[in-house]
Amino acid sequence: MSRATGVGTGGSPSRPEPQSMTGMPAPRRADQQGLEMLRGERIKEILKQGGPREGVVLSGWVRSVRDSKQVAFVMVNDGSCMDSLQVVVDAALPTFGEVIKAGTGAAVRVTGNVVPSQGGGQQWEIKATAVEVIGSSDPSYPLQKKRHSFEYLRTIAHLRMRSNVFGAVFRVRNAAAYAIHRFFQERGFLWVHTPIITGSDCEGAGEMFQVTTFDLEKPPRTEDGKLDFSKDFFGKQTSLTVSGQLEGETFALAFGDIYTFGPTFRAENSNTPRHASEFWMIEPEMAFYDLGDNIRLATDFLKSMTSHVLEHCSGDIDFLDQWVEKGLRARLEQVVASPFAVLTYTEAVERLIASGEKFEYPVKWGIDLQTEHERYLTETLVKGPVFVIDYPKDIKAFYMKVNDDGRTVAAMDLLVPRIGEIIGGSQREHRLDVLLGRIRQLGLQEQDYWWYLDTRRYGTCPHAGFGLGFERAVMYLTGMTNIRDVIPYPRVPGTAEF
RNA sequence: UCCCGAGUAGCUCAACCGGCAGAGCGGGUGGCUGUUAACCACUAGGUUGGGGGUUCAAGUCCCUCCUCGGGAGCCA
C-alpha cells in the first residue's frame, strides 16, 4: 500500500511542490507523477497480450487457493472477462502465509511475470514476485468453488456477480445495452428520456405503482371522503411509467426516428420466471414507417444485438453454452444467419388448427394466442424467430392501425424459442377519426389523450414502432430461464431486498 | 391471483410403514515438491422454514402461515 500512503502524505519528495500565490502548495494535477496506478492491468488485456512478459501488476479477487508446502496456486479474477488468471506463489515470498490464509473472495494485488503455464489448464500464468493482500475474506464467504443453485445465489445477490455464471450474465447484459444504443445511434435515432413519473393514468399497459408524498396514515381527503390528489406533490394522481410509447410517438413526429431505453414499472402480481416489477424497456418509434418497415427494422435490430454479443462476449457465451444452455452459441449464430419467418395471425390460426396438436386452449379465429400456441409456432413449426402480424383488433390496443379489412390491426409480435414474445409492436393509427372511434369504442376517455390526439391533428403521418423487454432479450442471449437472474437486484412481488 | 411440488448442517442432498438426524462439499487443525471442483488425515457444525394439532413417540401424519420452484393468467 506504499502508493496509497504516498498520495495521502502529499506525494513523492523527489518532485518539487508547486507553489500558489498564497504561499500554500497548489493542488497537484491529476496526471502528474506520483499517482501511479494502484490496480495495474486488467486480466482481459494481460491474456490478450500473452507473454512471456515481466513486471506485470494486476488486482482482483481470489476465486480459489490450492496450496502445498512449496507453492500455492491462486486463481484471481478481476471481472474483466470470464477467465481467471492462475498466480503461482512461491513459499519463499514473504506474504506466502498471509496469502494462503486470505481466503476465497479476498482482494489481492499481484506483481509478477507472465510465463507459459506448466500445468494443463491454461496457456499463461503469473509467476508472482510479490502478492499483497488488500482485503482478506472471512471464512464465512458464501461462494464455494462448486456449483450453487440460482435460488441460493439470489439470496446473496450482493456477491453472486463474483460467480462465473453471473459474471458472464452481467457482462452480456452490458454488451447488449451498448449494442442497442450503437444500433440506433448509428442509424441516426434520437434517444428520448421519457418521464418515469407519469400523470397519465391512461398508459393502458397494466397496473401502476402510485407515486405520492402523502402521509399514508392521514392523507388529505375531499368533502365526500375521497383522496384529495390536488393536495399531493404534483397536484394530481401520479404513477411510475408502464411505457414511454405515447410520449415516444410525439418525439417521432418531430425527429423521425427515436427510441426510448429506460426503466419501466408494473405493479401486477405476476409470479413467473418471465416477469419483474421493475425492468428496462426499449421502444423505437419511426415516422413515415409502415408495418413492413417496422418488421425489417426489428429484424435488423435483433440480429445486430445478437451478433454484437457473440463478437464481444465470446468467452462468456462459451461458458453459458457449457453450463447454462447447451447449444446456445449455435442458436444465436443461427438467429444472426437465418431470415425470420412472417405469418399473419389468420395463417397462424390455420396452422395451429391443422397441426393436430392437443392444446389446452382450443384455437379459433379471434382468440388471443396462448403461451402454448406461441411455443408451437416458434419451436415446432418454424424452429426459429417468427413474426405474427395482423391480429384481430379486438384483442389489441387502441392505438394500433386498423387494416383495410376492418377487423384486424397492423400489429406484429416476434416470437422466439424458449422465451415466447420478445418484441411487440405495430403501425400506429394515424387517422384522427379512426383513432377517436377506437377510443370511444373501448370506453376510454377522449380528454385523457388530448396531447396524444394533437399529434393526429397537426401533421399526422403513418408511423410505427415496437417495444422490447430488455431483460427478455438478455435471457434470450444468455440462456438464463429466470428473469430474476439477469437483473442485478430484481424486484418482484414480495421481494425488494438489497 | 389460481393449480401442482419443495423447504433437513454454511451449500447440495439422504433418512423405508411414525421409532437413536446422516453424507459429500465448504469451514477449522495438521500433512503433502506444480495444482486445476487438487489430494490425505482429524475435527467442529442441527429449535428438520414459523405456529398449532394428532400420538407413548413427528423430519415423516393433519391444519395454517411464510419462502422458493414448475405451470397458468396478467404482460414485456
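Letters A, B, ... mirror the listed sequences (proteins, then strands); counts begin at 1. Worth saying up front: this structure is predicted, and the values here are computed from it rather than measured.
Rounded to an integer number of Å, the gap from A:Arg274 CZ to B:rC75 P is 14 Å. For A:Ile395 and B:rC75, the CD1 to P distance is 11 Å, given to the nearest whole Å. Look at CD on A:Glu360: it is 18 Å from P on B:rG70, rounded to the nearest Å. Whole-Å rounding puts the A:Phe359 CZ to B:rG71 P distance at 17 Å. For the pair A:Arg66 CZ and B:rG26 P, the computed distance is 12 Å after rounding to whole Å. A:Asp90 has its CG atom 15 Å from the P atom of B:rU35, to the nearest Å. For A:Arg63 and B:rA38, the CZ to C1' distance is 18 Å, given to the nearest whole Å. Taking atom NZ of A:Lys145 as the reference point, atom C1' of B:rG27 lies 12 Å away to the nearest angstrom.
Screening residues 385-394 of chain A for side chain to side chain donor-acceptor pair (under 3.5 Å), with sequence neighbours left out, gives A:Asp390-A:Asn403, A:Tyr391-A:Asp413. Applying the salt bridge (charged side-chain N to carboxylate O under 4.0 Å, His left out) rule to pairs touching residues 414-425 of chain A yields A:Glu325-A:Arg418, sequence neighbours excluded. Sequence neighbours left out, the pairs with a member in residues 49-61 of chain A that pass side chain to side chain donor-acceptor pair (under 3.5 Å) are A:Glu41-A:Arg53.
For A:Arg296, the side-chain hydrogen bond (donor to acceptor under 3.5 Å, both in side chains) partners are A:Asp293, not counting sequence neighbours. Residues passing the side-chain hydrogen bond (donor to acceptor under 3.5 Å, both in side chains) test with A:Arg160 are A:Asp485, sequence neighbours excluded. Here A:Ala176 pairs with A:Met305, A:Val309, A:Phe470, A:Leu477 under the side-chain contact (heavy atoms from CB on, under 4.5 Å) rule; sequence neighbours left out.
Around CZ of A:Arg351, the count of heavy atoms belonging to other residues, nucleotides or ligands within 6.0 Å does not exceed 12.
For the contact set between residues 363-376 of chain A and RNA chain B, defined by any heavy atom under 4.0 Å, the members are A:Gln370, A:Thr371.
Residue A:Ala72 is out of contact with every strand shown, counting any heavy-atom pair closer than 4.0 Å. Residue A:Asn271 is classed as a base contact, given a heavy-atom separation below 4.0 Å to a base. If you check every strand for non-hydrogen atoms under 4.0 Å, A:Tyr361 touches sugar and phosphate atoms only. No contact: A:Ile423 has no heavy atom under 4.0 Å from any strand. Using a 4.0 Å heavy-atom cutoff across all strands shown, A:Gly494 reaches no nucleic acid atom at all. At a threshold of 4.0 angstrom between heavy atoms, the contacts of A:Arg484 are confined to the sugar-phosphate backbone, with no base atom among them.
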Indicate every side-chain donor-acceptor pair of residues 142-150 of chain A with a distance under 3.5 Å to a residue at least two apart or in another chain.
unit_1, atom_1, unit_2, atom_2, d
A:Arg147, NH2, A:Trp323, O, 3.0
A:His148, NE2, A:Gln144, N, 2.8
A:Ser149, OG, A:Tyr152, N, 3.1

Would you write out the dot-bracket form of RNA chain B, 5' to 3', with Watson-Crick and G-U pairs under 3.5 Å, [ ] for crossing pairs, | for pairs to other strands and . for unpaired bases?
(((((((..((((.....[..)))).(((((.......))))).....(((((..]....))))))))))))....
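Here the side chain of A:Lys364 pairs no donor or acceptor atom with the backbone of A:Ile353 at under 3.5 angstrom. A donor-acceptor pair under 3.5 Å links the side-chain atoms of A:Thr455 to the main chain of A:Tyr452, judged by distance alone.
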Between protein and nucleotides 29-34 of chain B, map the contacts as a letter string: B base, S sugar-phosphate only, - none, heavy atoms under 4.0 Å, written 5' to 3'.
---BSB
Tabulated below should be each protein N or O lying under 3.5 Å from an N or O of nucleotides 7-15 of chain B; please produce it.
unit_1, atom_1, unit_2, atom_2, d
B:rG10, N2, A:Gln144, NE2, 2.3
B:rC11, O2', A:His148, ND1, 3.1
B:rC11, O2, A:Lys146, NZ, 3.1
B:rU12, OP1, A:Ser149, OG, 2.7

What nitrogen or oxygen pairs link the protein and nucleotides 42-50 of chain B at under 3.5 Å?
none

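Aromatic pair A:Phe301/A:Phe184: centroids less than 6.0 angstrom apart. Checked against a 6.0 Å centroid threshold, the rings of A:Phe189 and A:Phe183 do not count as neighbours.
Using a 90° window around 0 for the glycosidic torsion, B:rC61 falls outside it and is classed as anti.
With salt bridges taken as basic N to acidic carboxylate O contacts below 4.0 Å, none links A:Asp257 and A:Arg187.
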